[in-house]
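Contents: one structure, followed by commentary.
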Amino acid sequence: MSQQKLILPRLFIVSPCYNEEEVLPETISRLTAILKHLVRDNLIKSNSGMLFVDDGSRDNTWSIIHQYNKSNPFVCGLKLARNAGHQNALLAGLMAAKEEADIVISIDADLQDDLDVIRQFILEYSKGYDIVYGVRKSRETDTIFKRTTALAFYRLMEKMGVNVVYNHADYRLLSKRVLDNLDRFEEVNLFLRGLIPLIGYKSTNVFYDRQERFAGESKYPLKKMLSFAFEGITSFSVKPIRFITTIGFALSVLSVVMASYALVQKLIGNVISGWASIMISIWFIGGIQLISLGLIGEYVGKIYKETKRRPRYIVDERLSSFSSINGEEIKNRELVYHK
Ligand code: UDP
Ligand code: MG
């Protein structure tokens, strides 16, 4: 276990809010109780808190946050200039909180996630885990539709080679060094669930039951959900492009078979004149075109990856500090080696 983890961490709970006036007072009171208990049990520093990000709400969300900020020492707020979307609002909160916090837990404002596991998150952190994923035990509280689409989504992601934690949404604990590294990912198309596993470090899962929404409606209608899933795949995988190249090659092989078939038919005299040459051309050109498209796609995919400017590596630990080896010492060492 590293030294830093023996010291009591300062925790911030970050929650993005979009038109959440109906749930916020309850959320704040429940989170306050949890924070008080954690402080009392000596698990977190007393200057821990919660940060609510108002994602351009059109209702009273911000004035509620404002009001609580005056009366409740745990409550902080961040107001975005317009609706930037859940993922961006969450990132804004994480980046603001990391300036003050040692650990950050992100949670939706609607109290669907079980708050009691926050304690477990912190215990896992103190065991040396930098990332703790909240994972749903089951999807019983979901509609059949949401359950099946979610399953299809995870299957598809897996097929596309995107590493996401099954049944984990954005309820998780991240340490400061994970957040510092997350800051190095400059991409605009955010899909945090795919990014966090890319960072690495020791991670673990904590299982919990997800409740129905406490009040208000879901801010994720089908349209937003589909575009989120599409975003997840296209932000992390160039496999769809490779798929085109593969079809191109398959079609080229098939075109040889079709050419032989057409020639045989022609020799037998089964066909009208011109049929064989047209058939052969169609298959052959089709194959060539798809291969070419796929090839161009490969380059586009490469450019796409370059433009993301993702960090190429992330350091976990470093033993000797290079700066402590001064010129003097190196010289002495050379003397020893040359003797
Ligand atoms: N949210 C947000 N901006 C948006 C949409 C949603 O900040 O544009 C927040 C919302 O207030 C909630 C969280 O993201 O705290 C998750 O949204 P919701 O609970 O509606 O999604 P669901 O649980 O139905 O998937
Ligand atoms: Mg919700």
Side-chain angles (χ1 to χ4, degrees), residues 85 87 139 144-169 185-200 220-314:
Q87 296 288 291
R139 287 192 166 261
I144 290 185
F145 177 73
K146 189 136 187 173
R147 219 180 304 164
T148 24
T149 46
L151 189 68
F153 169 70
Y154 286 111
R155 289 248 169 88
L156 191 63
M157 291 299 263
E158 205 176 292
K159 284 245 152 51
M160 292 290 158
V162 188
N163 184 10
V164 286
V165 178
Y166 185 67
N167 266 352
H168 156 73
F185 287 76
E186 295 173 10
E187 55 204 81
V188 178
N189 300 298
L190 259 194
F191 185 70
L192 288 169
R193 272 178 244 182
L195 275 185
I196 309 286
L198 271 191
I199 295 176
Y220 262 103
L222 179 64
K223 207 174 129 213
K224 259 195 196 173
M225 227 164 67
L226 285 178
S227 79
F228 186 56
F230 192 68
E231 182 88 18
I233 291 163
T234 52
S235 294
F236 283 86
S237 176
V238 288
K239 278 206 176 169
I241 291 176
R242 209 145 288 160
F243 187 58
I244 297 178
T245 323
T246 316
I247 294 183
F249 276 111
L251 214 63
S252 303
V253 172
L254 207 63
S255 85
V256 176
V257 178
M258 286 310 286
S260 326
Y261 168 73
L263 277 178
V264 170
Q265 290 294 319
K266 189 182 161 67
L267 288 178
I268 297 172
N270 259 355
V271 295
I272 50 168
S273 76
W275 179 83
S277 52
I278 288 179
M279 277 303 282
I280 293 170
S281 312
I282 287 176
W283 282 91
F284 187 66
I285 292 173
I288 297 258
Q289 276 179 338
L290 275 185
I291 290 179
S292 313
L293 264 183
L295 210 62
I296 295 170
E298 286 291 327
Y299 286 99
V300 175
K302 288 236 154 54
I303 296 169
Y304 172 69
K305 280 187 183 163
E306 291 288 341
T307 53
K308 280 185 178 286
R309 302 180 66 82
R310 282 184 180 161
R312 277 167 286 189
Y313 55 83
I314 282 154

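In this chain, numbering begins with 1 at the start of the sequence shown. Here the structure is a predicted model, which is why all the values come from computation and not from measurement.
The distance from the CD1 atom of I244 to the CZ atom of F249 is 13.0 Å, given to the nearest 0.5 Å. Taking OG1 of T245 as the reference point, atom CD1 of I241 lies at 8.0 Å (rounded to 0.5 Å). The CG atom of L195 sits 4.0 Å away from the CZ atom of F236 when rounded to the nearest 0.5 Å. With rounding to the nearest 0.5 Å, the separation of OG1 in T307 from CZ in R309 is 9.5 Å. Atom CG of L190 is separated from atom CZ of F185 by 11.0 Å, given to the nearest 0.5 angstrom. A distance of 15.0 Å separates OG1 of T234 from NZ of K239, quoted to the nearest 0.5 Å.
For Y304, the OH atom counts as densely surrounded, since its 6.0 Å shell holds more than 12 non-hydrogen atoms of other residues, nucleotides or ligands. Counting heavy-atom neighbours within 6.0 Å of I268 CD1, excluding the residue itself, gives a total above 12. Heavy-atom contacts from other residues, nucleotides or ligands closer than 6.0 Å to NZ of K308 number more than 12.
Under the 4.0 Å criterion applied to side-chain N and carboxylate O atoms, R310 and E187 are assigned as salt-bridge partners. Salt-bridge check for E298 with R242: passed, with a basic side-chain N closer than 4.0 Å to an acidic carboxylate O.
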N/O donor to acceptor pairs below 3.5 angstrom from side-chain atoms of residues 149-161, sequence neighbours left out:
from: T149; atom 1: OG1; to: F145; atom 2: O; distance (Å): 2.8
from: T149; atom 1: OG1; to: K146; atom 2: O; distance (Å): 3.0

Show which side-chain atoms of residues 274-296 pair as donor or acceptor with protein atoms under 3.5 Å away, not counting sequence neighbours.
from: S277; atom 1: OG; to: G274; atom 2: O; distance (Å): 3.0
from: S281; atom 1: OG; to: S277; atom 2: O; distance (Å): 2.6
from: S292; atom 1: OG; to: I288; atom 2: O; distance (Å): 2.7

The test is side-chain contact (heavy atoms from CB on, under 4.5 Å); show your working for F243 and I247 and say whether it passes. CA-CA 6 Å; F243 187 58; I247 294 183; 3.7 Å; yes
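Under the salt bridge (charged side-chain N to carboxylate O under 4.0 Å, His left out) criterion, R147 pairs with no residue at all, not counting sequence neighbours.
At a threshold of 4.5 Å between non-hydrogen side-chain atoms, the residues V164 and F191 count as touching.
Listed for the S235 side chain is no donor-acceptor partner under 3.5 Å among the backbone atoms of G232.
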